[in-house]
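As structure tokens, the structure follows; a few thoughts come after it.
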Amino acid sequence: MYFRDVIGQEEIKQRLIRSAQSGVVPHAQLFCEPEGAGAFPLALAYARYLNCARPGETDACGKCPSCLKFDELVHPDLHFVFPIVASKEKKKEVCDDYLSEWRAFLQDRPYFNLNTWLGYLDAENKQALIYAKESDEIIRKLSLKAYEATYRVLLVWLPEKMNEACANKLLKMIEEPPANTIFLLISNMPDLIIGTIQSRSQRINIRGIATDAVCNTLTSRFGLSKEDAKNVAHIANGNFIKAMEVISLSEENKLFLEMFKNIMRNSWARNVKGMKEAAERFATLGREAQKNFLSFAQRMIRENFVYRFREPDLNYMNYDETTFSVKFSPFVNERNVFDLMNELEKAEQHISQNVNAKMVFFDLSLKITVLLKR
């Protein structure tokens, strides 16, 4: 990943390049982004530029030994920490056990989220975490001398997923960093990171990608017409992962929309048998997919409430979602919208706490039955 491969974010790129050129490089930096804004590719391009033997004014050279190793993500002074699904049976308990899968995963998709990664791992119902055992690996790696680079880089993706013990040991390393070691932390939810790590890291806030930058990428890389690219960029709202989902009409999004239609229709019709069948289907999804569906449902409630105002610029739905909303939006109004959102948020919280998914979804359907009648 080079700076030229990062979509938009020109201001942040220039800031990082100036930091590297001046030699004033904070040892701990926290990249905070809304999902799909490009924090991970930015951090990876920055790590490459820091260690490039012949950096240019705007990007790494791409030809020196360091760059060639970064191309394959095999540089000995580049270390990754990321959420995994531990498996004692397969003897996979730390990030390095998944390193070959991680490298293959990154080669094809510089823009991704946790759900994409879990799908790649075929993680089923398990939740991904950065486990306590990882802290020993971090200490071991950083206690060694740098092999060949100017900076040894520890790139931590989603530090909010860290076990508390691991987070505390990482904090100690950040407080007393080894020489020439850079910590790059990439977070979607920085408020969930322990406060002491936040306070000891330089925060870099990354906004959603500008609409023009998304449009240009969609036309140049994917051959979309300007009109189609503009429509997709509007729906994506700065999230390039969302833009890719809109283009590909991902199977998961199709499933979520059908499930959303089903639950709303069953609840409106007071179809208890249909609610039970939908709850059983919901329970077959993986835990992360269940949470993702409930997030999708919250978005659909917001979009349907806004749809009633007939202001297209305020809506971010694709064609299929909009078609359903034509008839459904009148049932989402000021008398029930906040309660609908609260019930969906509670359900998502219960799923995160490993409450029985079938019970959560059936109970949610019953509550929606009452709320839709308001």
Would a 4.5 Å heavy-atom cut-off, applied to side chains only, mark Thr211 and His234 as touching?
no
Phe260 vs Phe296 aromatic rings, parallel, tilted or perpendicular, using cut-offs 30° and 60°?
perpendicular
Could you tell me how the ring of Phe105 sits relative to the ring of Phe112: parallel (under 30°), tilted (30 to 60°) or perpendicular (over 60°)?
perpendicular
Identify the two heavy atoms, one from Leu30 and one from Ser201, that lie closest to each other, and give their separation to 0.1 Å.
CB-CB, 4.0 Å
In the structure I gave you, are the side-chain heavy atoms of Asn163 and Leu129 within less than 4.5 Å of one another anywhere?
no
Looking only at heavy atoms, the pair that brings Met264 and Ile301 closest together is CE-CD1, 4.1 Å
Check: Arg287 main-chain N/O paired with Gln127 side-chain donor or acceptor under 3.5 Å:
no
Check the pair Lys373 / Asn336 against side chain to side chain contact (heavy atoms under 4.5 Å, CB included), numbers first and verdict last.
CA-CA 9 Å; Lys373 299 291 183 178; Asn336 62 13; over 6 Å; no
Stepwise side chain to side chain donor-acceptor pair (under 3.5 Å) check, Thr116 with Asn113:
CA-CA 5 Å; Thr116 316; Asn113 57 21; 2.5 Å; yes
Check: Ile197 and Phe183 side chains under 4.5 Å, non-hydrogen atoms
no
Arg48 pairs by salt bridge (charged side-chain N to carboxylate O under 4.0 Å, His left out) with which of Asp71, Asp77, Asp59?
Asp71
Around Glu11, counting heavy atoms of other residues, nucleotides and ligands shown, do more than 12 lie under 6.0 Å from its CD?
no
Just wondering, are more than 12 heavy atoms of other shown residues or ligands nearer than 6.0 Å to CD in Glu227?
no
Contact check, side chains of Cys95 and His79, non-hydrogen atoms, under 4.5 Å
no
Inspect the surroundings of CZ in Phe338 and state if more than 12 heavy atoms from other residues, nucleotides or ligands are less than 6.0 Å away.
no
Please say whether more than 12 non-hydrogen atoms of neighbouring residues, nucleotides or ligands are located less than 6.0 Å from NZ in Lys261.
yes
According to the interplanar angle, ranging from 0 to 90°, do the rings of Phe309 and Phe305 count as parallel (below 30°), tilted (30 to 60°) or perpendicular (above 60°)?
perpendicular
Side-chain donor/acceptor of Trp117 to backbone N/O of Pro83, under 3.5 Å
yes
Does any part of the side chain of Phe361, heavy atoms only, come nearer than 4.5 Å to the side chain of His350, both counted from C-beta?
no
Is there side-chain contact between Val6 and Tyr46, with heavy atoms separated by less than 4.5 Å?
no
Would you name the heavy atoms of Cys64 and Cys52 that are closest together and state the gap between them?
SG-SG, 3.9 Å
